[in-house]
Amino acid sequence: SKFSRILTAKRRMELNLATNIFRARFKILSYNRETFSKRKKMKKFLLAAVAALVLAGCGDGAKDVSKDFIGAVYEGKSDKALSYLDFSEAKDDGLKEMMSGKLKAAISETKNKAEKLGGVDGIEVISANEKDDTANVELEVKFKDGSKRSERVKLKKVNGDWKIRL
């Protein structure tokens, strides 16, 4: 009958309105959950980044710098190795460039020697003596063929960072 059709149409409108309200609320809830999740992930990321920076700052002692420097030398990473050196006494740019060239050649030769011994198996700090702005570190380089070699590194603090003395 006509009355049942009107009632059914009215019921459908109410149902559609209720459905639209539900969908709108669900979108708001899902947006809030998504925003909350993103914020939580961002907080975790920032916390991890701060922790990494703090740990990196703590790890730059004379022992770590020496170990990284010797590792770079034996791996043939001359640019990395040169970044650890103190060139403050080389006032002339030509002198600094000449020293860099000779050191790169020596680093290349050291890498070749390490490769003949099977490569570096590990680097261990034997002793370290830090006194004010200077340090002496003795390291032992172990090669994959079983042989070992001792290295001594002299360092000094330059602007708060440990640098290798030439």
Engineer: Can you list everything that forms a salt bridge (Lys or Arg N to Asp or Glu O under 4.0 Å) with Lys77? Sequence neighbours excluded, please.
Structural biologist: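 Lys77: salt bridge (Lys or Arg N to Asp or Glu O under 4.0 Å) contacts with Glu75.
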Engineer: Taking the side chain as every heavy atom from C-beta outward, state whether Tyr84 and Leu155 have any pair of such atoms under 4.5 Å apart.
Structural biologist: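 In short, these two side chains do not touch, never coming nearer than 4.5 Å.
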Engineer: Residues in side-chain hydrogen bond (donor to acceptor under 3.5 Å, both in side chains) with Ser100, at least two apart?
Structural biologist: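 For Ser100 there are no side-chain hydrogen bond (donor to acceptor under 3.5 Å, both in side chains) partners, ignoring immediate neighbours.
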Engineer: For Arg165, what residues pass the salt bridge (Lys or Arg N to Asp or Glu O under 4.0 Å) criterion, not counting sequence neighbours?
Structural biologist: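 So Arg165 forms no salt bridge (Lys or Arg N to Asp or Glu O under 4.0 Å) with any residue.
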Engineer: Keeping Lys163 on the side-chain end and Ser83 on the backbone end, is there a donor-acceptor pair under 3.5 Å?
Structural biologist: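 Flag set: sc Lys163 to bb Ser83 pair under 3.5 Å.
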Engineer: If you look only at pairs with a residue in residues 96-133, which of them pass as a ring-ring contact (aromatic ring centres under 6.0 Å, His included), with sequence neighbours excluded?
Structural biologist: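 As it turns out, there is no ring-ring contact (aromatic ring centres under 6.0 Å, His included) pair with a partner in residues 96-133 once direct neighbours are skipped.
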Engineer: How far does CG of Leu103 sit from CD1 of Ile164, to the nearest 0.5 angstrom?
Structural biologist: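 The CG atom of Leu103 sits 11.5 Å away from the CD1 atom of Ile164.
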Engineer: Show every donor-acceptor pair shorter than 3.5 Å between a side-chain atom in residues 132-140 and any protein atom, with sequence neighbours excluded, or say none if there are none.
Structural biologist:
residue	atom	partner	partner atom	Å
Thr134	OG1	Lys131	O	3.1

Engineer: For Met99, what residues pass the side-chain contact (heavy atoms from CB on, under 4.5 Å) criterion, not counting sequence neighbours?
Structural biologist: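 Once residues adjacent in sequence are excluded, the partners of Met99 under the side-chain contact (heavy atoms from CB on, under 4.5 Å) criterion are Phe87, Ala90, Leu95, Leu166.
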Engineer: Can you name the residues that form a side-chain hydrogen bond (donor to acceptor under 3.5 Å, both in side chains) with Asn129, not counting sequence neighbours?
Structural biologist: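 With neighbours one apart ignored, the set is empty.
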Engineer: Check ring-ring contact (aromatic ring centres under 6.0 Å, His included) between Phe143 and all other residues, then give those that pass, not counting sequence neighbours.
Structural biologist: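 ring-ring contact (aromatic ring centres under 6.0 Å, His included) check on Phe143 returns Tyr74.
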Engineer: Apply side-chain contact (heavy atoms from CB on, under 4.5 Å) to the pair Leu85 and Phe69, showing each step before the final yes or no.
Structural biologist: CA-CA 9 Å; Leu85 297 176; Phe69 170 71; 3.8 Å; yes
Engineer: Return the set of residues passing side-chain hydrogen bond (donor to acceptor under 3.5 Å, both in side chains) with Lys144 (not counting sequence neighbours), or none when no residue passes.
Structural biologist: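 Per chain and number, Lys144 pairs via side-chain hydrogen bond (donor to acceptor under 3.5 Å, both in side chains) with no residue.
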Engineer: Not counting sequence neighbours, which residues clear side-chain hydrogen bond (donor to acceptor under 3.5 Å, both in side chains) with Lys96? List them please.
Structural biologist: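 Expected list: none.
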Engineer: Would you tabulate the side-chain donor-acceptor contacts of residues 105-124 under 3.5 Å, counting partners in other chains and residues two or more places apart, or write 'none'?
Structural biologist:
residue	atom	partner	partner atom	Å
Thr110	OG1	Ala106	O	2.8
Asn112	ND2	Ser108	O	3.4
Glu124	OE1	Lys142	NZ	3.1

Engineer: One pair to check against side-chain contact (heavy atoms from CB on, under 4.5 Å): Val141 and Lys148. What are the steps and the verdict?
Structural biologist: CA-CA 6 Å; Val141 181; Lys148 299 175 185 179; over 6 Å; no
Engineer: When clusters are formed by joining ILVMFWY residues with side-chain heavy atoms under 4.5 Å apart, either directly or through shared neighbours, do Val153 and Val158 land in the same one?
Structural biologist: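 They do not share one cluster, since no chain of ILVMFWY contacts under 4.5 Å joins Val153 to Val158.
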Engineer: Can you list the residues that meet the salt bridge (Lys or Arg N to Asp or Glu O under 4.0 Å) rule with Lys63, with sequence neighbours excluded?
Structural biologist: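 Expected list: none.
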